[in-house]
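Single-structure report; data block below.
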Amino acid sequence: MIRLLLVDDHEIVRRGLRELLESNADLTVTHQAGSLESALALELSDVDVAVLDVRLPDGSGVDLCRSLRETYPHLNCLMLDRKSTRLNS
């Protein structure tokens with residue numbers, strides 16, 4: 001079982017990602033947070049992978065990954081970026 005942390009400032013995105021990820025029997029979301037600060041306050045020694053939004057309201061997901069890995073060197077990070085692209089027709 002791979003244990004996940006989800007960090008995204010949009011609750012609906014966290015809900016959707018959780019549903020999608022947990023449709024795989026080998027994945028379980030054990031922790032969620034909506035900000036860098038709330039993620040850093042969690043005890044994450046049991047988490048294998050952090051799924052992080054690149055843009056958080058109080059900082060960068062990249063910086064969050066660095067901070068988490070200082071405390072939990074075993075932790076892997078997967079970065080998400082929702083960038084909208086406008087197509088001209």
Side-chain angles (χ1 to χ4, degrees):
M1 181 69 63
I2 298 171
R3 296 159 302 205
L4 306 170
L5 161 68
L6 291 181
V7 181
D8 193 291
D9 55 316
H10 297 94
E11 183 178 352
I12 194 147
V13 172
R14 289 194 312 269
R15 286 183 187 185
L17 281 172
R18 181 178 193 148
E19 186 175 323
L20 177 67
L21 293 166
E22 289 186 341
S23 69
N24 181 319
D26 294 328
L27 303 175
T28 187
V29 176
T30 58
H31 299 79
Q32 295 185 54
S35 68
L36 186 143
E37 182 180 356
S38 60
L40 290 173
L42 297 170
E43 201 293 307
L44 301 170
S45 60
D46 63 336
V47 173
D48 303 303
V49 178
V51 181
L52 310 172
D53 187 357
V54 170
R55 294 176 186 88
L56 296 168
D58 58 346
S60 160
V62 174
D63 293 337
L64 175 57
C65 179
R66 287 185 186 121
S67 295
L68 291 174
R69 288 185 44 85
E70 285 178 14
T71 306
Y72 308 103
H74 71 280
L75 185 69
N76 294 293
C77 295
L78 174 66
M79 306 305 298
L80 299 177
D81 186 17
R82 290 181 311 275
K83 187 175 187 180
S84 64
T85 303
R86 187 176 286 191
L87 298 176
N88 295 324
S89 308

Looking at Glu19 and Arg15, is there a salt bridge between them, counting it only when a charged N and a carboxylate O are closer than 4.0 Å? no
Would you say [X]'s side chain and [Y]'s backbone share a donor-acceptor pair under 3.5 angstrom?
X     : Y     : value
Asp58 : Leu36 : yes
Tyr72 : Val47 : no
Arg18 : Val29 : yes
Asp48 : Arg3  : yes
Glu43 : Ser45 : yes

Should Leu6 and Leu21 be marked as a side-chain contact (heavy atoms from CB on, under 4.5 Å) after you check the CA-CA gap, both sets of side-chain angles, and the distance that decides it? CA-CA 10 Å; Leu6 291 181; Leu21 293 166; 3.8 Å; yes
Identify whether [X] and [Y] are in the same connected component of the hydrophobic contact network (ILVMFWY, side-chain heavy atoms under 4.5 Å).
X     : Y     : result
Val49 : Leu40 : no
Leu75 : Ile2  : no
Met79 : Leu44 : yes

Minimum-distance pair of heavy atoms, taken over all atoms of [X] and [Y]:
X     : Y     : value
Leu68 : Ala50 : CD1-CB, 4.4 Å
Arg55 : Asp9  : O-OD1, 3.7 Å
His31 : Leu42 : CB-CD1, 4.0 Å
Gly34 : Arg14 : CA-NH1, 3.4 Å
Leu64 : Ala39 : CD2-CB, 3.9 Å
Gly61 : Leu52 : O-CD1, 3.6 Å

Would you check if Asn76 and Leu78 make a side-chain contact, meaning some heavy-atom pair closer than 4.5 Å?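 No; the side chains remain at least 4.5 Å from each other.
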With the side chain counted from C-beta on, respond yes when Leu17 and Leu80 share a heavy-atom pair under 4.5 Å apart, and no when they do not.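 Yes, their side chains come closer than 4.5 Å.
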Would you say that more than 12 heavy atoms from the other residues, nucleotides or ligands in this model lie under 6.0 Å from the CD of Glu22, or not? yes
When rounded to the nearest 0.5 angstrom, what is the spacing between CG in Asp53 and OG in Ser60?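 It comes to 9.5 Å.
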